[in-house]
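Quick one: this structure, given as structure tokens, is what I'll be asking you about.
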Amino acid sequence: MQVAREEIIVLGTGGTIAGRAASAADNVGYRAGELGVDELLRGVPVPPGVRLHAEEVAQIDSKDMDFAVWATLAGRCAHWLAQEDVAGVVVTHGTDTMEETAFFLHRVLGPGKPVVLTGAMRPATSAAPDGPQNLADAIAVAADPQVRGVCVVFAGAVHGASDVQKVHSYRTDAFSSGDAGPLAYVEEGRLRVLRPWPGPATKGAAPALLRPAAWPRVEILVNHAGAGRAIVDALVKDGVAGLVVAGTGNGTVNHALEAGLLEAQQHGVAVRRASRCAQGRVLPTPNDRLPAAVGLSPVKARIALMLELMP
Ligand code: SIN
């Protein structure tokens with residue numbers, strides 16, 4: 001007998017969606033992560049036949065997201081996704097590092113069921129908060145049987161975990177999938193699918209995931225006019241395990257920085273080249289001496305490398 005999957009789990013982690021300001025006119029001077037996830041769900045429409053269960057995982061501003069919260073969040077997602085009657089998981093999250101958490105969950109869980117992240121650009125106390133609609137859309141997406149894997153639902157669009165990026169610091173339509181475009185739109189609780197849904201990532205459940213204090217240290221640096229190698233040398237001396245360089249254009253780095261990175265590589269530090277461009281992807285060539293992080297932004301390349309280096 002098939003068990004009806006009717007439960008959606010909503011995991012709260014804080015962010016502006018749970019933010020409170022002193023006045024309804026204030027959309028920037030608020031404290032993120034103040035309201036509980038139960039409060040966020042009050043009055044949010046739920047698709048027919050769907051039951052919600054809410055759980056608080058963290059109450060943080062997502063600029064402070066760290067390995068310990070990621071480890072707990074991944075554990076709670078895995079726990080709930082394994083329950084037969086659970087259709088999917090929604091994660092309320094600050095927008096600032098949402099794309100990183102989405103990509104991390106995509107890579108470590110590779111879920112067959114939906115894991116949908118959402119948040120808001122306006123605090124809950126705003127005269128016109130965007131959180132309630134985003135949350136309603138996220139629940140509708142998580143309940144839709146066409147959906148699987150990790151995605152971000154924001155301002156009526158559904159973005160895949162690999163492509164999504166926060167591209168605006170203020171607008172409510174703050175996320176983009178760049179060249180790839182969104183996977184779908186959410187319209188009145190229904191999904192309008194635009195392109196084939198990406199398959200799940202290969203699940204990388206390393207045993208070290210349970211011990212976030214032991215996760216390999218990978219740092220990001222940037223190529224820019226006049227960039228030198230001093231930061232590379234300092235990081236290597238400090239015992240860094242991996243380096244991602246946000247290169248210019250097609251992931252290029254200037255001579256001094258390249259010399260530092262090649263030497264770091266010789267000393268056993270893993271190096272990847274991403275691009276600081278907001279769109280496009282680094283195209284590798286056969287002569288590359290520093291491997292390209294193909295299709296990944298610098299912050300996602302950092303997560304991919306960290307997972308690669310995980311014991
Ligand atoms: C945060 O990322 O927690 C604060 C900013 C936001 O959610 O928009």
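Count residues from 1 along the sequence. When a ligand or atom number is given, it counts from 1 through the structure's own listing order. Computed from a prediction, not measured in an experiment: that's the story for all the values here.
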So Trp70 and Phe67, would you call those rings parallel, tilted or perpendicular, with 30° and 60° as cut-offs? parallel
Name the residues in contact with ligand 1, where contact means a heavy atom under 4.0 Å away: which are they? Gly15, Thr16, Tyr30, Asp61, Ser62, Gly94, Thr95, Asp96, Ala120
Side-chain donor-acceptor pair present, Asp85, Gln83, cut-off under 3.5 Å: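 No, Gln83 and Asp85 have no side-chain donor paired with an acceptor closer than 3.5 Å.
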Listing request: all salt bridge (charged side-chain N to carboxylate O under 4.0 Å, His left out) pairs with a residue in residues 259-277, at least two apart in sequence or in separate chains. Arg229-Glu263, Arg272-Glu308, Arg273-Asp288
I'd like a table of donor-acceptor pairs (distance under 3.5 Å, sequence neighbours excluded) in which one partner is a side-chain atom from residues 23-32, with atom names and distances.
from  : atom 1 : to     : atom 2 : distance (Å)
Ser23 : OG     : Ala25  : N      : 2.9
Asp26 : OD1    : Val28  : N      : 3.0
Asp26 : OD1    : Gly29  : N      : 2.7
Asn27 : OD1    : Ser126 : OG     : 2.9
Tyr30 : OH     : Thr16  : OG1    : 2.5
Arg31 : NE     : Glu34  : OE2    : 3.0

Give the table of side-chain donor-acceptor pairs shorter than 3.5 Å for residues 246-254, with sequence neighbours excluded, one pair per line with atom names and distance.
from   : atom 1 : to     : atom 2 : distance (Å)
Thr248 : OG1    : Asn223 : ND2    : 2.8
Thr248 : OG1    : Thr252 : O      : 2.9
Thr248 : OG1    : Thr252 : OG1    : 2.9
Asn250 : OD1    : Leu283 : N      : 2.7
Asn250 : ND2    : Leu283 : O      : 3.1
Thr252 : OG1    : Thr248 : O      : 2.8
Asn254 : OD1    : Ala256 : N      : 3.2
Asn254 : OD1    : Leu257 : N      : 2.9
Asn254 : ND2    : Ala227 : O      : 2.6

For residues Thr92 and Leu135, determine if any side-chain heavy atom of one lies less than 4.5 Å from a side-chain heavy atom of the other. yes
